[in-house]
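Structure first, commentary second.
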Amino acid sequence: MNQHTPVLIVGAGPVGLALAGDLGWRGVPCVLIEQTDGRIEQPKMDLVGVRTMEFCRRWGITDRVRDAPYPGDYPQDCVFLTGLNGFELGRERFPGRAFESCPPQSPQKRERVPQDMFDPILRRFATGFDCVTLQYQTALVAFADGPDRVTATVRDTRTGAIRTLTADYLIGADGGASTVREGAGIPMSGTPALTYATNVLFRCADFPALHRMGKAYRFIFIGPEGTWLTIVAVNGGDRFRMSIVGTPDKVNHSEADIAAALRRAMGKDFDYEILSVMRWVRRELVADRYGGGRVFIAGDAAHLMSPTGALGMNTGIQDAVDLGWKLEAALAGWGGADLLRSYETERRPVALRNVAASTENLGRMLSTRDRKPPPQVFAPGPEADAIRADYGAWFTETMRHEWFMNGFHLGYRYDDSPIVWPDGTPTPPLETRTYTQTARPGARAPHVALPDGSSTLDLFGRGFTLLRIGPGAPSGEAMLAAAAHAGVPIRVVALDQPEVREAYGRALVLVRPDGHVAWRADMEPLLPGAVIDTVRGAKARPREGRSDLEVAS
Ligand SMILES: Cc1cc2nc3c(=O)[nH]c(=O)nc-3n(C[C@H](O)[C@H](O)[C@H](O)COP(=O)(O)OP(=O)(O)OC[C@H]3O[C@@H](n4cnc5c(N)ncnc54)[C@H](O)[C@@H]3O)c2cc1C
């Protein structure tokens, strides 16, 4: 039987689920196919970043994330050590997730919720919409991109039965070995192998009682050779993930290697049950193109990075949010020819920046291999204590780049996007550890707490939002009329708070459906139709450095 859908998404990992959910939330029908039965053998991601939490907020699912069964009081410390029963070199202290506060720039905070808790939340959200159909055990085999539709051949992985699906758009959220990317002939560039690693998920009921480091989220082990192993608390209970960090040389860690690593980490034999083993390669790769026409890729299909920085899934969910409203606009007819093309222009530079930052973080974690610990680090005694403290302080400071990354999680911007109307102000520097809010076109629209306890972020959603800020703000009528003429969904919100005016910097600010600023000015645009046509991808934007007033004159 032939079935047609506006959007066919391949891959129900977190990115495919998020895209299906965003489309469902917009009322856009889609079919999501997944080759497995949805079971997660070994959770990979466990940090839901602050921006992803802001998306969860707009989708109305933050309570479900908060209530996920990762215990709120489980300390999130990162500990640098010679062994669980050896010496502690340093510790970055973090409270349990229930006690961490939101950063001043956001109404949300990051959350420790591993993939086997987070995917089901996204799945429940997506499948809660009647217009979303999720089909497990259905694999994409091949596709053909035609002028007015994509034809996909899919296989039932239980019976082997083959059938055809057609779609207006095909999105590959099918992970690192993406069939869609391969079928579209898109190469990836970068470094294919940073290290060959082995992750081991194991159960140990009384793990904290077996050593003297206390409860912590992450242990990073440093031996005479430098950093060699990490162990993280996967569910804040009885499950842990050991990762043999590896090297760029291809190795296949054996069962004996795994047993020896666990014994070395603990400093003695102990009882554990191995639940799964995942041998994987840490990569730094970005797709040369993100698709075009009717076929696009998102998430790990488009970018692969070291998990040092928790940017992998979080970058992918940003892709999904960038794509969601553009697909809706294209299907509804108000999206111009450049709108879907802008997906690559906006998102690929973010991926390039994030994969590089993740590799830099890996370099910091492995910097102990170049600056090896002096032998005293492993010896008892007061003289050794002093040397240990010095070495530990250096490493603790080095690792801070990885723990504090809001310049990446919140500070990504679409400065050069063809669908953003520049305001003539200079481009601010991109930040790394810190994040300064700006409402410059292309940036994430700033969070300001409103008197009723909500956030300015709560004002943005399915369509465009025109903010009128301050008592003397222009009416915005010209912009509204231009939007209505082009069929662009828009609403006006008037705000009076001086803090909002300060954060947004102008009296009229146009915010896109994904919460990024598209345009701002202190007066009505002289060419409202040109602004609307630019932000909906129907017209080239003016050159950088020229305000819309200059363009009009
Ligand atoms: C150890 C580790 C820790 C990590 N920690 C974090 C973290 O804390 N935070 C973070 O943001 N990221 C983290 N990441 C990265 C993160 O896990 C990935 O970026 C994320 O899973 C990518 O999601 P995705 O949906 O794009 O792809 P995937 O999760 O790979 O999902 C792709 C899906 O597509 C399906 N599929 C593939 N081919 C087909 C086909 N032909 N037909 C149908 N279905 C198909 C697959 O079965 C799979 O379910 C970590 C990664 C690792 C390895």
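Ligands are counted one by one from 1 in listed order, and the atoms in each one are counted from 1 as well. This is a predicted model, so every value here is computed, not measured.
Aromatic ring orientation, Phe80 versus Trp403: parallel (interplanar angle below 30°, classes split at 30° and 60°).
Note: an N/O pair closer than 3.5 Å links Asp46 and ligand 1 by distance alone. Some N or O of Asn314 is nearer than 3.5 Å to an N or O of ligand 1, by distance alone. Remark: ligand 1 and Val15 share an N or O pair separated by less than 3.5 Å (distance only, no angle test). Between Glu34 and ligand 1, a contact under 3.5 Å exists for at least one N or O pair. For ligand 1, the polar-atom distance check against Ala298 finds no nitrogen or oxygen pair separated by under 3.5 Å. Residue Ala12 places no N or O, backbone or side chain, under 3.5 Å from any N or O of ligand 1. On a distance-only criterion, Val10 and ligand 1 share no N/O pair closer than 3.5 Å. Among the atoms of Leu140, some N or O lies under 3.5 angstrom from an N or O of ligand 1. Checked against a 3.5 angstrom limit, the closest N/O atoms of Thr36 and ligand 1 fall outside it.
When ring centroids are compared, Tyr343 and Tyr290 come within the 6.0 Å threshold. Side-chain rings of Tyr412 and His516 approach one another, their centers coming within less than 6.0 Å. Phe270 and Phe240 have their aromatic ring centers separated by at least 6.0 angstrom.
Looking only at heavy atoms of the protein, atom 8 (O) of ligand 1 is closest to Leu47 N, 2.9 Å. In this structure, atom 3 (C) of ligand 1 lies nearest to the protein heavy atom Lys44 O, 3.3 Å. The protein heavy-atom contact nearest to atom 34 (O) of ligand 1 is Gly11 CA, 3.2 Å. Regarding atom 26 (O) of ligand 1, its nearest protein heavy-atom neighbour is Asp300 N, 2.9 Å. The single protein non-hydrogen atom nearest to atom 29 (O) of ligand 1 is Pro14 CD, 3.6 Å, given as residue, atom name and distance. The closest protein non-hydrogen atom to atom 31 (O) of ligand 1 is Gly13 CA, 3.5 Å. Nearest protein heavy-atom contact of atom 39 (C) of ligand 1 is Gln35 OE1, 3.3 Å. For atom 16 (C) of ligand 1, the nearest non-hydrogen atom of the protein is Met313 N, 3.8 Å.
At least one cation-pi condition fails for Arg462 and Trp325: the charged atom is not both under 6.0 angstrom from the six-membered ring centre and inside a 45 degree cone around its axis. Taking the ring axis of Tyr217 as reference, the NZ or CZ atom of Arg112 stays within 45° of it and closer than 6.0 Å to the ring centre.
You'll find the side chain of Gln108 reaches within 4.5 Å of the side chain of Thr62, heavy atoms only. Using a 4.5 Å cut-off on side-chain heavy atoms (C-beta onward), Val113 and Arg66 make no contact.
At a 4.0 Å heavy-atom cut-off, ligand 1 does not touch Ala177 at all. Residue-level proximity to ligand 1 for Pro307 is carried by the side chain, the only part with a heavy atom below 4.0 angstrom. Within the 4.0 Å heavy-atom criterion, the part of Thr138 lying near ligand 1 is the backbone and not the side chain. Residue Asp174 touches ligand 1 through backbone and side chain together, judged by heavy-atom distances below 4.0 Å.
For ligand 1 and Thr179, the ligand atoms under 4.0 Å from any heavy atom of the residue are 41 (N). Counting atoms of ligand 1 from 1 in the listed order, those under 4.0 Å from a heavy atom of Asn199 are 1 (C). Heavy-atom proximity to Ala139, at under 4.0 Å, picks out these atoms of ligand 1: 42 (N), 43 (C). Less than 4.0 angstrom separates some heavy atom of Ala173 from each of these atoms of ligand 1: 32 (C), 33 (C), 34 (O).
Side chain of Glu431 to backbone of Gly407: no donor-acceptor contact under 3.5 angstrom is found. Listed for the Asp156 side chain is a donor-acceptor partner under 3.5 Å among the backbone atoms of Thr159. Of the possible polar contacts, one joining the Thr195 side chain to the Val245 backbone as a donor-acceptor pair under 3.5 Å is found.
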Practice item. With ring pair (Phe, Tyr, Trp, His ring centres under 6.0 Å) as the test, would you mind laying out the steps for Phe143 and Tyr169 before giving the verdict? Key: CA-CA 11 Å; Phe143 67 90; Tyr169 293 98; over 10 Å; no
Check your understanding: So Phe219 and His211, ring pair (Phe, Tyr, Trp, His ring centres under 6.0 Å) or not? Walk me through it.
Key -> CA-CA 12 Å; Phe219 300 97; His211 60 81; 5.6 Å; yes
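Distances from atom 14 (N) of ligand 1 to the heavy atoms of Gln42, Met305, Met45 put Met45 nearest. Here the shortest heavy-atom distance to atom 28 (P) of ligand 1, taken over Ala18, Gly175, Gly299, belongs to Gly175.
Between the CE atom in Met405 and the OG atom in Ser358 there is a gap of 6.0 Å [rounded to 0.5 Å]. Here Glu41 contributes atom CD and Gln115 contributes atom CD; the two are 11.5 Å apart, rounded to the nearest 0.5 Å.
Not a single heavy atom of Gly316 lies less than 4.0 angstrom from ligand 1.
The two residues Ile186 and Ala287 have their closest heavy-atom pair at CG2-CB, 3.9 Å.
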